[in-house]
Amino acid sequence: MIISVASGKGGTGKTTIATSLALLLGEVQFLDCDVEEPNAHIFLEPHINERISVGIPVPKVDEDKCNFCGRCAEVCEFNAIVVIKKKVLFFPELCHGCGGCSYICPERAIKEKDRAIGVIEKGRSSNIDFIHGILNVGEPMAPPLIRQVKRHINNRTNTIIDASPGTSCPVVEAVRGSDFCVLVTEPTPFGLHDLKLAVEMLRKLAIPIGVVINCADIGDEEVEKYCDNENIPILMTIPWDRKIAEAYSKGIPLIEVLPKFSGSFAQMHTTIEGLVKR
Ligand code: SF4
Ligand code: SF4
């Protein structure tokens with residue numbers, strides 16, 4: 001079963017929920033797909049034993065062969081290639097590496113070369129198989145790296161995916177194909193607003209969802225009312241606790257600092273299994 005953990009907004013405690021769930025489950029695979037800011041390794045402290053460079057294929061135009069017909073620019077949805085008179089301009093940061101331009105070129109003037117966008121690191125943390133992607137600084141192309149991280153999913157075991165916060169393309173790429181998505185939120189107007197956006201996205205992807213309310217006693221009851229009206233199960237509520245906040249700042253997982261929550265995480269996993277089988 002693949003369980004992704006996401007949140008409409010940052011700072012809700014998503015990673016502490018994801019890492020605690022992984023620690024509770026034991027023999028499990030953990031994928032940190034928050035490639036712009038991966039931090040699950042701080043909580044799980046894996047021993048990294050493999051590093052793989054990841055690139056995307058980008059065009060390289062041979063102007064000796066090019067007749068400047070402009071077909072490559074017409075086919076590029078991302079305006080990454082532009083033909084001006086007798087010049088082909090290429091903007092690598094806009095290129096999604098789709099290969100459309102080289103496919104369409106009538107003169108076979110375009111070859112592809114890899115442009116590095118980041119790395120994947122694999123390792124082990126006690127009985128957790130750990131994999132994360134690290135996007136190069138300033139690199140905008142997170143989805144291709146996330147796809148490469150997800151190619152390491154082992155279908156014979158349980159997988160936990162930590163997605164980035166928000167509802168943009170990297171999040172869609174991270175949660176796509178999950179059997180279930182846990183949405184972590186806070187009971188505040190901002191939390192509710194961003195939760196609604198995340199719910200909308202996951203419903204479009206037809207992924208079953210449940211909600212964890214973190215800092216459950218600091219806000220109002222609007223998140224609970226919304227979940228009730230929308231028939232979204234609340235999987236767990238976690239009260240605000242200084243010990244949790246301190247542990248987070250030190251990179252200590254929630255169930256290590258407050259083991260009494262182990263039962264709640266186990267119950268959450270049982271509930272998710274039941275909801276997936278339904
Ligand atoms: S499609 Fe090929 S030949 Fe035409 S402008 Fe682009 S690179 Fe040149
Ligand atoms: S590979 Fe795709 S995105 Fe990149 S320049 Fe060619 S058509 Fe555009």
Side-chain angles (χ1 to χ4, degrees), residues 2 4 6-8 10 31-38 50-122 131-153 159 161-178 181 197-198 200-207:
I2 302 173
S4 52
S7 61
L31 267 55
D32 190 348
C33 287
D34 187 356
V35 298
E36 283 150 298
E37 228 173 317
E50 194 177 348
R51 206 160 187 267
I52 307 158
S53 177
V54 176
I56 55 170
V58 298
K60 183 168 169 32
V61 177
D62 180 347
E63 292 200 351
D64 290 337
K65 289 186 181 170
C66 175
N67 64 10
F68 307 99
C69 66
R71 300 274 298 278
C72 52
E74 283 163 21
V75 83
C76 183
E77 276 184 56
F78 307 102
N79 300 319
I81 194 160
V82 176
V83 181
I84 304 169
K85 292 188 182 163
K86 299 283 178 201
K87 195 87 201 147
V88 182
L89 304 178
F90 174 57
F91 303 94
E93 63 285 357
L94 299 179
C95 175
H96 284 54
C98 70
C101 51
S102 59
Y103 178 78
I104 206 84
C105 176
E107 302 298 325
R108 297 191 178 278
I110 299 181
K111 285 207 167 69
E112 289 178 339
K113 58 168 188 169
D114 254 13
R115 182 173 75 79
I117 58 168
V119 294
I120 290 173
E121 289 183 333
K122 298 175 74 176
I131 305 167
H132 67 178
I134 307 171
L135 198 66
N136 286 349
V137 174
E139 171 59 54
M141 289 298 152
L145 178 55
I146 294 168
R147 276 195 290 278
Q148 291 297 320
V149 173
K150 290 179 72 179
R151 284 183 67 181
H152 294 270
I153 288 176
T159 301
I161 294 178
D162 190 8
S164 47
T167 50
S168 58
C169 298
V171 187
V172 174
E173 201 57 61
V175 301
R176 196 196 301 276
S178 303
C181 184
L197 295 176
E200 208 177 303
M201 171 192 76
L202 285 151
R203 283 186 169 158
K204 281 190 183 143
L205 292 168
I207 297 172

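Given the structure is predicted, the values throughout are model-derived calculations rather than measurements. Read the numbers this way: they start at 1 and go in the same order the structure lists the ligands and their atoms.
To the nearest 0.5 Å, atoms NZ (Lys204) and CD (Glu200) are separated by 5.0 Å.
Shown in contact with Ala80 at under 4.0 Å from a heavy atom are these atoms of ligand 2, numbered in order with element: 5 (S). Atoms of ligand 2 found under 4.0 Å from any heavy atom of Phe78 (numbered from 1 in listed order, with element): 3 (S). Close contacts between ligand 2 and His96 involve ligand atoms 3 (S), 4 (Fe) [criterion: under 4.0 Å to a heavy atom].
Leu31 is not listed as a side-chain neighbour of His152, based on a closest heavy-atom distance of 4.5 Å or more. Counting heavy atoms from C-beta outward, Ile131 and Ile120 have side chains that approach closer than 4.5 Å. Side-chain contact between Asp62 and Lys111 is absent, with no heavy-atom pair separated by less than 4.5 Å.
Scanning both residues, Val172 and Met201, for their nearest heavy atoms gives CG2-SD, 3.7 Å. For the residue pair Cys95 and Pro57, the shortest heavy atom distance occurs at SG-O, 4.4 Å.
Comparing Gly99, Pro92, Ser102, Pro57 against atom 1 (S) of ligand 2, the shortest heavy-atom distance belongs to Gly99.
Atom 2 (Fe) of ligand 1 has Cys105 SG as protein N, O or S atoms under 2.8 Å away.
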Donor-acceptor contacts under 3.5 Å from residues 68-76 side chains, at least two apart:
none

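Looking from atom 8 (Fe) of ligand 2 to the surrounding protein, the closest heavy atom is Cys76 SG, 2.3 Å. Closest to atom 2 (Fe) of ligand 2 among all protein heavy atoms lies Cys98 SG, 2.3 Å.
None of the N, O or S atoms belonging to Cys95 lies under 2.8 Å away from atom 2 (Fe) of ligand 2.
Panel note: side chain Lys122, backbone Ile52; no donor-acceptor pair is recorded below 3.5 Å.
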Begin with the C-alpha distance, continue with both residues' side-chain angles, and end with the deciding distance and a verdict on side-chain contact (heavy atoms from CB on, under 4.5 Å) for Ile56 and His96.
CA-CA 8 Å; Ile56 55 170; His96 284 54; 6.0 Å; no

